[in-house]
Participant: 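Please see the structure below; I have some questions.
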Amino acid sequence: MAGETSLDVLLKNLEPSLQEGDYVFCTVQNINQLDPGELLLIFKEKEGITIIVKRDFADCNALTYSSIMAWITLMVHSSLDAVGLTAAFAAALTKEGISCNVMAGFYHDHIFVAKGDAEKAMQALLRLAKEAE
């Protein structure tokens with residue numbers, strides 16, 4: 001099933017959903033000793049392997065992280081070919097002074113923001129969707 005490409009439709013149906021929990025970005029050299037079921041994201045970079053995991057998992061496995069993040073999923077099924085969605089929600093968050101880290105899956109876009117900015121980010125995203133109506 002192909003995702004939506006129309007920016008107007010995407011924004012109207014944004015439906016941000018705040019996931020429960022605290023999430024962290026860590027870097028490791030090897031993931032073989034880690035439970036693969038606990039790894040939300042694995043991205044191999046030249047300098048190491050970036051993973052996103054729940055904070056509790058990182059703490060239990062003595063993984064180093066610098067920020068505690070909240071995870072917001074945009075429930076609209078966006079196409080990987082859609083143009084402008086990331087720019088639109090990034091601009092809305094920028095207006096509020098909120099940094100975001102974005103991960104696009106096949107079905108949804110996922111936004112990680114500082115834990116303390118979660119509610120403010122949700123309000124900004126809900127406002128963006130309402131303005132698109």
Participant: Test F57 against V24 for side chain to side chain contact (heavy atoms under 4.5 Å, CB included), laying out the working first.
Facilitator: CA-CA 9 Å; F57 178 81; V24 296; over 6 Å; no
Participant: Search all heavy atoms of A124 against all heavy atoms of A92 and return the closest pair with its distance.
Facilitator: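 Nearest heavy atoms, A124 then A92: CB-O, 4.1 Å.
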Participant: Decide yes or no on salt bridge (charged side-chain N to carboxylate O under 4.0 Å, His left out) for K115 and D22, but give the supporting numbers first.
Facilitator: CA-CA 7 Å; K115 186 69 174 183; D22 296 340; 2.9 Å; yes
Participant: Should we count CD of E45 as having more than 12 external heavy atoms under 6.0 Å?
Facilitator: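 More than 12 heavy atoms, drawn from other residues, nucleotides or ligands, come within 6.0 Å of this atom.
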Participant: Using only atom types and a distance under 3.5 Å, with no angle test, would you say the side chain of D117 pairs donor to acceptor with the backbone of V113?
Facilitator: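 It does not hold such a pair.
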Participant: Any Lys/Arg nitrogen of E131 or K12 sitting under 4.0 Å from an Asp/Glu carboxylate oxygen of the other?
Facilitator: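 Judged by the 4.0 Å cut-off on N to carboxylate O distance, E131 and K12 do not form a salt bridge.
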Participant: Aromatic rings H77 and Y107: how do their planes relate, parallel, tilted or perpendicular, breaks at 30° and 60°?
Facilitator: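 Judged by the thresholds at 30° and 60°, the geometry between H77 and Y107 is tilted.
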Participant: What is the minimum heavy-atom distance between A88 and L11, and which atoms define it?
Facilitator: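 Where A88 meets L11 most closely, the heavy atoms are CB-CD2, 3.9 Å.
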Participant: Checking H108 now: which residues fulfil side chain to side chain donor-acceptor pair (under 3.5 Å) with it, not counting sequence neighbours?
Facilitator: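 H108 satisfies side chain to side chain donor-acceptor pair (under 3.5 Å) with no other residue.
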Participant: Count I, L, V, M, F, W, Y as connected when their side-chain heavy atoms are under 4.5 Å apart, and connections chain through other members. Are I111 and L85 then in the same cluster?
Facilitator: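 Cluster IDs for I111 and L85 match.
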Participant: For the atom pair CD (E38) and SG (C60), what is the distance rounded to the nearest 0.5 Å?
Facilitator: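 Between E38 CD and C60 SG, I get 9.5 Å after rounding to 0.5 Å.
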Participant: Closest approach of L7 and V83, non-hydrogen atoms and distance?
Facilitator: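 Nearest heavy atoms, L7 then V83: CB-O, 4.0 Å.
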Participant: Determine whether V53 and Y23 make a side-chain contact, defined as any pair of heavy atoms from C-beta on separated by less than 4.5 Å.
Facilitator: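 No - every pair of side-chain heavy atoms lies 4.5 Å or more apart.
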Participant: Would you compute the distance between atom CD1 of I68 and atom CZ of F112 and round it to the nearest 0.5 angstrom?
Facilitator: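 Between I68 CD1 and F112 CZ, I get 14.0 Å after rounding to 0.5 Å.
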Participant: Do L93 and L128 share a hydrophobic cluster, counting only Ile, Leu, Val, Met, Phe, Trp and Tyr and linking them when any side-chain heavy atoms are less than 4.5 Å apart?
Facilitator: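 Yes; L128 is reachable from L93 via cluster members.
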Participant: Can you tell if the side chain of F43 reaches within under 4.5 Å of the side chain of I52, non-hydrogen atoms only?
Facilitator: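 No, side chains not in contact.
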Participant: Looking at side-chain heavy atoms only, is the closest gap between I51 and V28 below 4.5 Å?
Facilitator: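 Yes; the side chains approach each other to less than 4.5 Å.
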Participant: Quick one: CD1 on I31 to SG on C26, what's the gap to the nearest 0.5 Å?
Facilitator: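 Output value for this atom pair is 13.0 Å.
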Participant: Quick one: do L125 and I72 satisfy side chain to side chain contact (heavy atoms under 4.5 Å, CB included)? Show the steps, please.
Facilitator: CA-CA 10 Å; L125 295 168; I72 299 171; 3.9 Å; yes
Participant: Would you please name every residue forming a side chain to side chain donor-acceptor pair (under 3.5 Å) with N30, sequence neighbours left out?
Facilitator: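 For N30 the side chain to side chain donor-acceptor pair (under 3.5 Å) partners, ignoring immediate neighbours, are N32.
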Participant: What pair of heavy atoms forms the shortest contact from L14 to A129, and how long is it?
Facilitator: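 Reported closest heavy-atom pair: CB-CB, 3.9 Å.
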Participant: Does F25 share a hydrophobic cluster with I98, counting links as ILVMFWY side-chain heavy atoms below 4.5 Å and allowing steps through other members?
Facilitator: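 Shared cluster, no.
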Participant: For the residue pair Y65 and D59, confirm or rule out a side-chain donor-acceptor distance under 3.5 Å.
Facilitator: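 Result is yes, a qualifying pair exists.
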Participant: For S78 and D109, which I'm curious about, is there any donor-acceptor pair between the side chains at under 3.5 Å?
Facilitator: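 Yes, side-chain donor-acceptor contact under 3.5 Å.
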Participant: Would you say that L34 contacts L39 through its side chain, given a criterion of any heavy-atom pair below 4.5 Å between the two side chains?
Facilitator: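 Heavy-atom side-chain distance check passes, below 4.5 Å.
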Participant: Are the side chain of Q29 and the backbone of E47 linked by a donor-acceptor contact shorter than 3.5 Å?
Facilitator: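 Here the side-chain-to-backbone pair exists.
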Participant: Hydrogens and angles aside, do T73 and Q19 bring a side-chain donor and acceptor to less than 3.5 Å of each other?
Facilitator: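 Present: a donor and an acceptor within the cut-off.
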Participant: Indicate the atoms forming the closest heavy-atom contact of E119 with L18, along with that distance.
Facilitator: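 Where E119 meets L18 most closely, the heavy atoms are OE2-CD2, 3.5 Å.
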Participant: Check whether L74 and L80 end up in the same hydrophobic cluster, where Ile, Leu, Val, Met, Phe, Trp and Tyr are linked by side-chain heavy atoms less than 4.5 Å apart.
Facilitator: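 Different clusters.
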Participant: Between the side chains of E4 and S79, is a donor N or O closer than 3.5 angstrom to an acceptor N or O?
Facilitator: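 Absent: no donor and acceptor within the cut-off.
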Participant: Test of understanding: clusters of I, L, V, M, F, W, Y form through side-chain heavy atoms closer than 4.5 Å, transitively. Do V102 and M122 belong to the same one?
Facilitator: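 Looking at the clustering, M122 is in the same group as V102.
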